[in-house]
Number of protein chains: 2
Amino acid sequence: MTRKQRSTPASLATVAAAAGVSIATVSRIVNGETRRASAETIARVRKAIAVVGYQPNHAGRTLRRRESRLVAMLAPNLENPVMAAIAASTEAALRAAGYVMILCDTHDRPDLQDEYLNAMRSQVVRGYIMVASVPSPVLKDFVADGAPIVFVNRRPPSGRGAFVGIDNIKAGADAADMLWSAGLRRCGVLTPAQGSSVTRDRLKGFCDRLRALGTEDVYKAEATGRSHLEIGYEAVQRLTARDGWPEGLMCVSDQIAYGAYRFARESDVVIPERCMLVGIDGNPLNRWIAPWLRSIEIMYEEFGQPIVELLDQVWRGGGNAERIMPHSVA
Amino acid sequence: MTRKQRSTPASLATVAAAAGVSIATVSRIVNGETRRASAETIARVRKAIAVVGYQPNHAGRTLRRRESRLVAMLAPNLENPVMAAIAASTEAALRAAGYVMILCDTHDRPDLQDEYLNAMRSQVVRGYIMVASVPSPVLKDFVADGAPIVFVNRRPPSGRGAFVGIDNIKAGADAADMLWSAGLRRCGVLTPAQGSSVTRDRLKGFCDRLRALGTEDVYKAEATGRSHLEIGYEAVQRLTARDGWPEGLMCVSDQIAYGAYRFARESDVVIPERCMLVGIDGNPLNRWIAPWLRSIEIMYEEFGQPIVELLDQVWRGGGNAERIMPHSVA
DNA sequence: ACAGGTTAGGCAAACGTTTGCCAAGCTTGA
DNA sequence: TCAAGCTTGGCAAACGTTTGCCTAACCTGT
């Protein structure tokens, strides 16, 4: 446990000199190649490693092996609890598998996403995890080049590729069931204006199911904004101005529901008695401070494991498997 | 914009061959050393760079320069919105300065923190950002070795070192003022049991101010738990069981306030009429779904800039400056 | 014509690893 | 006794950069 002074952090050469063997031998022992050295040598080298406090230099290793232990995760907006939960669980899973995660916040902007992709490539990262990616030129190149990528939540723009996410159509349908089985018949839905496939699928699942159950009209409103919070606020305002308050309102994300809630409160509309709100995401905070919100629960904190499994599969050459994660009603 | 095929990603040698110059010349041009080449050569090399799609390999560069553009951020619990906000803003600030952030979730555990520190050292990271760090052996070694570290929120265990955070004593005092100026006299405070210096200072600032204003008794309760949410729930339960509901309750973090709120709701105590809750953090979500919570607002999304500035200062050898960030009442 | 200075660019040695190949010594079987 | 094989370990070449030093060629002033 003795630590070397600051000067220069022990290298293979340091260890080799201390143990009186060659660099090659130390390297092999560090990498667990035990059959190439006698037990006695191994012991001596291990001791030398401990005494000089040797830690392998990843730059050298990366250079030689032409691959690193770095995995890049590109996500829009880390302040969104959904992204934070995915990032946290992925980080843990990667760590357990011996990798290190680099986190990049793309702010949902194609240009920033491209900039990051290029920066990551020159870091020689070993794989990419694209959470809710947006189509962009460099991403397209990467996919075409067969770069090891796992897509999360939003499917790859190019169609095929490894994917981890939920069945959004079914989630939308389940939300519809929640409202319907509560006896509510006049229902609406709130979405972002330029929705991704995620929100489109949730919307579709919801509307289709409601119609299948016998609803003739589903009130819809959409809005644009910097965050889903603002979108929810704005959209519900439009919807109610046009059609009045419905009995039930599906929000394609919890954050949108929060926005709708604020408007309801400011309008003295009491939730959930006057209008039942259903969200999708199942933010853990709900049970603490938003008990009025029913939500389709998604276990984002369990995404990490399958994401890393898929990445591993991609590395092995297994092109485009996918994992559809379960969701539940809460 | 032409992209090379997957084979091997263009190196300096590729560019040199394409431009008909030596590797050294290309390297110099890439690094902006324009005085060592004629304008004509520079143009030819730049063109070659573009045509082969050259991106510098950071492993080689790191190896040679003995320093990388990687900065490690170690934080407990990424799912805490406070950490997420700090991480997001730091990531942006680092990015703007040309660095790349590696994010590690220590779960507040000394052993994991040490493991990460070692792992980061062998990645040859250039600096460390310790958010709410916990004392640990390796951290102590790093500090002793003079590693470039910026501490955020919690001060360095060893006393001196660069620090970014708020004046917690004053924040506590401000919370006391909020309750007092609302005319509330029977006040309490909720804290985690094994608090850090952060919660201790907030507690101290609160109690001292309240006493200075003339309160003779401040009701206190603490609890342990996996999260501040649970701590708040548990602590308020203890406090009210012992002393009944006070008129005002200070919670050393917003999350604790959320926990307290849940218990109040379950006990049919209406917040804030029957008991005013004051938190510290100013979670942006408050104005959307927790309007009953008053809070000391901290602009965590502005921590990134000073953190990077301090890191820069540390690199330049400027030992242990600190930035006390402002907070406001909301 | 020549000394001295500037400009433009190449050579080669590092940085820390990994790994194919070689070699010396030993064992074993015929 | 010798050939063949195994064990143990070293040599040296890469991987992609950066940079101190060298060297031509040109320029300028006398």
Side-chain angles (χ1 to χ4, degrees), chain A residues 4 7-46 48-49 52-70 118-119 121-126, chain B residues 4 7-46 48-49 52-70 98 119 121-126:
Chain A
K4 265 304 275 263
S7 56
T8 34
S11 73
L12 282 184
T14 323
V15 179
V21 298
S22 79
I23 291 181
T25 300
V26 181
S27 171
R28 284 194 269 255
I29 292 176
V30 165
N31 291 6
E33 180 105 19
T34 50
R35 295 182 314 164
R36 295 290 301 270
S38 67
E40 193 259 347
T41 305
I42 293 184
R44 207 169 61 236
V45 169
R46 283 209 214 287
I49 287 178
V52 302
Y54 169 73
Q55 294 268 129
N57 177 315
H58 279 246
R61 182 172 283 181
T62 297
L63 189 56
R64 173 62 220 234
R65 289 205 190 142
R66 294 161 145 279
E67 71 176 33
S68 72
R69 304 296 283 181
L70 263 32
N118 279 327
R121 173 168 43 198
S122 67
Q123 294 286 351
V124 205
V125 303
R126 196 161 195 240
Chain B
K4 265 308 274 273
S7 56
T8 34
S11 74
L12 282 183
T14 324
V15 179
V21 297
S22 78
I23 290 182
T25 301
V26 181
S27 171
R28 283 193 269 255
I29 292 176
V30 165
N31 292 5
E33 179 107 19
T34 50
R35 295 182 314 166
R36 297 286 302 270
S38 69
E40 192 260 348
T41 305
I42 293 183
R44 206 170 60 238
V45 169
R46 284 210 213 288
I49 287 177
V52 304
Y54 169 74
Q55 294 269 131
N57 177 314
H58 280 246
R61 183 171 281 180
T62 297
L63 189 56
R64 173 62 220 232
R65 290 207 191 140
R66 296 163 141 278
E67 73 175 32
S68 72
R69 303 297 284 181
L70 264 32
R121 174 168 42 197
S122 67
Q123 293 285 349
V124 204
V125 301
R126 195 162 195 240

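Chain letters run A, B, ... following the sequence lines, proteins first and then strands; every chain starts at 1. All values derive from a computational prediction rather than experimental measurement.
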query = Looking at B:Ile23 and B:Ala16, what are the two nearest heavy atoms and their distance?
reply =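 Here B:Ile23 and B:Ala16 meet closest at N-CB, 3.8 Å.
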
key: Minimum heavy-atom distance between B:Ala59 and A:Thr62, given as atom pair plus value   =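 Heavy atoms of B:Ala59 and A:Thr62 come nearest at CB-CG2, 3.7 Å.
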
task = Can you sort out the partners of A:Ser122 under side-chain hydrogen bond (donor to acceptor under 3.5 Å, both in side chains), two or more places apart, ordered by chain and number?
result =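 A:Ser122 satisfies side-chain hydrogen bond (donor to acceptor under 3.5 Å, both in side chains) with B:His58 once adjacent residues are dropped.
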
ask   = What pairs with A:Arg126 under side-chain hydrogen bond (donor to acceptor under 3.5 Å, both in side chains), at least two apart in sequence or on another chain?
value =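 Only A:Glu67, A:Tyr99 meet the side-chain hydrogen bond (donor to acceptor under 3.5 Å, both in side chains) criterion with A:Arg126.
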
inquiry  = Are A:Leu70 and A:Val124 packed together at the side-chain level, in the sense that at least one heavy-atom pair is separated by less than 4.5 angstrom?
reply    =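 Side chain of A:Leu70 against side chain of A:Val124, heavy atoms only: no contact under 4.5 Å found.
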
Base, sugar-phosphate or nothing for [X]? Non-hydrogen atoms, less than 4.0 Å.
| X | answer |
| --- | --- |
| B:Ala24 | base |
| A:Val21 | sugar-phosphate |
| A:Arg36 | base |
| A:Thr41 | sugar-phosphate |
| A:Ser27 | base |

ask   = Which residues satisfy the salt bridge (charged side-chain N to carboxylate O under 4.0 Å, His left out) test with A:Arg44, sequence neighbours excluded?
value = A:Glu40

query = Is the distance from OP1 or OP2 of D:dT8 to the nearest side-chain N or O of A:Thr25 less than 4.0 Å?
reply =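 Answer no for this pair, as no side-chain N or O of A:Thr25 is under 4.0 Å from OP1 or OP2.
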
Nearest-nucleotide 5' precedence on DNA chain C, B:Arg28 against B:Arg65 =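 Closest to the 5' end, via its nearest nucleotide, is B:Arg28.
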
message = Both B:Arg35 and A:Val30 contact DNA chain C. Taking the nearest nucleotide for each, which residue is further toward the 5' end?
response = B:Arg35

Show every donor-acceptor pair shorter than 3.5 Å between a side-chain atom in residues 25-39 of chain B and any protein atom, with sequence neighbours excluded, or say none if there are none.
unit_1, atom_1, unit_2, atom_2, d
B:Thr25, OG1, B:Ser22, OG, 3.3
B:Ser38, OG, B:Thr41, N, 3.2
B:Ser38, OG, B:Thr41, OG1, 2.8

ask   = Axis-to-axis angle across the helix from C:dA1-D:dT30 to C:dA30-D:dT1, five pairs an end, to 10 degrees?
value =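 Terminal axis comparison yields 50°.
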
ask   = Taking any atom under 4.0 angstrom from a heavy atom of chain A, which nucleotides of DNA chain C are the first and last to qualify, 5' to 3'?
value =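 Counting from the 5' end, contacts occupy C:dG16 to C:dC21.
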
ask   = How long is the span from the CZ atom in A:Arg64 to the CG atom in B:Leu63, to the nearest 0.5 Å?
value =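 Those atoms lie 13.0 Å apart.
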
ask   = Which distance, rounded to the nearest 0.5 Å, do you find between the CD of B:Gln55 and the CD1 of B:Ile49?
value = 10.0 Å

